[in-house]
Amino acid sequence: MERASARAGRRLTEIRLIAVTKIFPYQVIVEAHEAGLRDFGENYVQEFEGKYPHVGQLGGARFHLIGHLQSNKAGKAAEMFQVIQTVDSAKLAKRLDALGKPLEVMVEVKLSEEEAKHGVGPDDLGALVEAIRSCPNLTLLGLMTMPPWSEDAETARPYFIRLRELAAKWNLPRLSMGMSNDLEVAIEEGSTDIRVGTALFGKRKKL
Ligand SMILES: *Cc1c(COP(=O)(O)O)cnc(C)c1O
């Protein structure tokens, strides 16, 4: 992070390290918190429900949902997470807003044609941004994306540039992009929130 921010002429303090703890047991969150980390990313509402009673009260900890959220799990998610990074429809935004709890959200943008990916396409982004801005309980922080996986971090660069351009167009301050293998490229391209699992905690088992 230091290297990349120095290269990009950015301050390290403007980049948030989100520790991705999916699949790992709650003790890993407790230890990472003891080591000074405060932002944690989880992908699965149901899996995090098991850990939350052990970590929900850690001082200053903030939990980010970075996996797809089904509308029927919106209530449970809003109870546990401070930030929902994967809003991808007006229907989901309205569901979250109707819960009556102030929440920070990001829009997940789909920039590649991969089938398994969630997210809103660039052409539909404007309408979704407007819809979220009309929700009194939601604060829209910015955009999140996940480029197609590749060994070579450089293949992610055009996606990061595209996300930055879209955020500028819609006047959104934060960019959640960059994972273990491409975080330096993401920081060079303006990421404010990198989501890092493997580089911090090692390999995960499959869920
Ligand atoms: C798992 C995951 C990450 C972390 O990936 P690593 O390669 O382990 O750093 C980041 N973002 C999302 C959306 C993920 O699902």
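One-based numbering, in listed order, for ligands and for the atoms of each.
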Dump all N/O pairs between ligand 1 and the protein below 3.5 Å as a table: atom names plus distance, one pair per row.
residue  : atom   : partner : partner atom : Å
ligand 1 : 8 (O)  : T198    : N            : 2.8
ligand 1 : 8 (O)  : T198    : OG1          : 2.5
ligand 1 : 8 (O)  : R204    : NH1          : 2.7
ligand 1 : 8 (O)  : R204    : NH2          : 3.2
ligand 1 : 9 (O)  : S180    : N            : 3.1
ligand 1 : 9 (O)  : S180    : OG           : 2.5
ligand 1 : 9 (O)  : G197    : N            : 2.8
ligand 1 : 11 (N) : R195    : NE           : 2.9
ligand 1 : 15 (O) : K22     : NZ           : 2.7
ligand 1 : 15 (O) : N43     : ND2          : 2.7

(request) May I have the step-by-step check of side chain to side chain donor-acceptor pair (under 3.5 Å) for T192 and R16, ending in yes or no? (result) CA-CA 6 Å; T192 61; R16 185 150 66 188; over 6 Å; no
(request) May I ask you to decide whether K22 forms a salt bridge with E42, counting only side-chain N to carboxylate O separations under 4.0 Å? (result) no
(request) Output yes when E184 and R7 qualify as a salt bridge under the 4.0 Å nitrogen-oxygen rule, no when they do not. (result) yes
(request) Could you list the residues that satisfy salt bridge (Lys or Arg N to Asp or Glu O under 4.0 Å) with R10, not counting sequence neighbours? (result) E14
(request) Kindly give the heavy-atom pair with the smallest separation between P122 and K110, and that separation in Å. (result) CD-O, 3.5 Å
(message) Given 3.5 Å as the limit, does a donor-acceptor pair link the side chain of T86 with the main chain of G67, or not?
(response) yes
